[in-house]
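Take a look at the structure set out below.
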Amino acid sequence: QVQLVESGGDSVQPGGSLGLSCIVSGDRPNGYAKAWFRQAPGKEREGVASISTAGSLDYDRSVSGRFTISQDNAKNTLYLQMNNLKPEDTGLYYCAAVSGNLWTWERLRTSSYPYWGQGTQVTVSS
């Protein structure tokens with residue numbers, strides 16, 4: 001199993017940028033597919049972006065072209081670079097992991113991931 005710790009959340013103005021990090025520790029972190037999710041107040045948690053062990057990327061269409069997911073296997077760290085932020089991007093952002101890889105249709109589903117971090121808050125407001 002693995003443990004995940006997010007960092008980098010902050011308050012930014014619309015149109016701004018922010019980078020999140022997630023340190024993954026435990027049993028062979030590089031053998032896990034990973035993803036970022038977010039949860040706005042009063043809403044369900046939703047998938048934002050995912051990355052497979054081979055580096056295949058998937059994005060929710062609401063962030064495609066603005067957010068970039070990446071990972072540094074040497075540092076066991078997952079990243080989410082967020083540009084052109086909008087108020088609707090506000091929420092608690094979580095990183096998640098699952099051993100092995102997932103079918104494409106599973107990659108942004110919360111039920112696909114058994115390991116989760118505690119979350120980091122992102123607020124986009126003027």
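What you see is a predicted model, and the numbers here were worked out from it, not measured in a lab. Side chains included, hydrogens not; waters and symmetry mates left out as well; all remaining heavy atoms used.
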Practice prompt. Give a yes-or-no answer on whether the side chains of Thr77 and Asp72 include a donor-acceptor pair shorter than 3.5 Å.
Written response: no
Worksheet entry | hydrophobic_cluster_shared for Leu20 and Val24, side chain cutoff 4.5 Å | no
Fill in: Given Leu80, Leu108, Val63, Asp60, the one that forms side chain to side chain contact (heavy atoms under 4.5 Å, CB included) with Trp36
Leu80
Worksheet item: Does Ile23 CD1 have over 12 foreign heavy atoms under 6.0 Å away?
Response: no
Worksheet entry | N/O donor-acceptor pair under 3.5 Å between Glu6 side chain and Cys22 backbone | no
Worksheet, complete the sentence: Between Asn83 and Ser17, the two heavy atoms sitting closest are OD1-OG, 3.0 Å
Discussion item. Ignoring hydrogens, what is the shortest heavy-atom contact between Gly91 and Gln121? Give both atom names and the distance.
Written reply: O-NE2, 3.4 Å
Discussion item. A side-chain contact here means heavy atoms from C-beta on lying under 4.5 Å apart; do Ser11 and Ser125 qualify?
Written reply: no
Fill in: Heavy-atom pair with the smallest gap, counting every atom of Phe37 and Arg45
CB-CG, 3.9 Å
Worksheet item: Rounded to the nearest 0.5 Å, what separation is found between the CD1 atom of Ile69 and the OG atom of Ser50?
Response: 6.0 Å
Practice prompt. Report yes or no: do Leu102 and Tyr94 belong to one cluster of Ile/Leu/Val/Met/Phe/Trp/Tyr joined by side chain heavy-atom distances under 4.5 Å?
Written response: yes
Worksheet item: Hey, does the side chain of Tyr115 reach the backbone of Lys34 with a donor-acceptor pair shorter than 3.5 angstrom?
Response: no
Worksheet entry | Short side-chain to backbone donor-acceptor contact, Tyr113 and Arg107, under 3.5 Å | yes
Worksheet item: Can you get from Leu4 to Ile51 by hopping between Ile, Leu, Val, Met, Phe, Trp and Tyr side chains that sit under 4.5 Å apart?
Response: no
Worksheet entry | Under 3.5 Å: donor-acceptor pair, side chain of Asn101, backbone of Ala33 | no
Worksheet item: Less than 4.5 Å apart, any side-chain heavy atom of Asn30 and any of Asn76?
Response: yes
Fill in: Heavy-atom closest pair, residues Val2 and Pro29
CG1-CA, 4.3 Å
Worksheet item: Do any N or O atoms from the side chain of Ser112 and from the backbone of Glu106 form a donor-acceptor pair under 3.5 angstrom?
Response: yes
Fill in: From Arg38 atom CZ to Ser62 atom OG, the distance as rounded to the nearest 0.5 Å
4.5 Å
Practice prompt. Establish whether Met82 and Leu78 are linked, either directly or via other cluster members, by ILVMFWY side-chain heavy-atom contacts under 4.5 Å.
Written response: yes
Worksheet item: Roughly how far, to the nearest 0.5 Å, is OG of Ser52 from CG of Asp58?
Response: 8.0 Å
Fill in: Under 3.5 Å: donor-acceptor pair, side chain of Thr123, backbone of Thr90
no
Discussion item. If hydrophobic clusters are built by linking Ile, Leu, Val, Met, Phe, Trp and Tyr wherever their side-chain heavy atoms come under 4.5 Å apart, do Val48 and Leu57 end up in the same one?
Written reply: yes
Worksheet entry | Phe67 and Tyr93 aromatic ring geometry - parallel, tilted or perpendicular at 30°/60° bounds | tilted
Worksheet item: Is the CD atom of Glu44 crowded by more than 12 outside heavy atoms at less than 6.0 Å?
Response: no
Item to complete: Take Lys75 and Ser21, measure what side-chain contact (heavy atoms from CB on, under 4.5 Å) needs, and give me the verdict at the end.
Response: CA-CA 11 Å; Lys75 296 182 178 180; Ser21 300; over 6 Å; no
Worksheet item: Which pair of heavy atoms, one from Ser99 and one from Tyr32, lies closest together, and at what distance?
Response: N-CD2, 3.3 Å
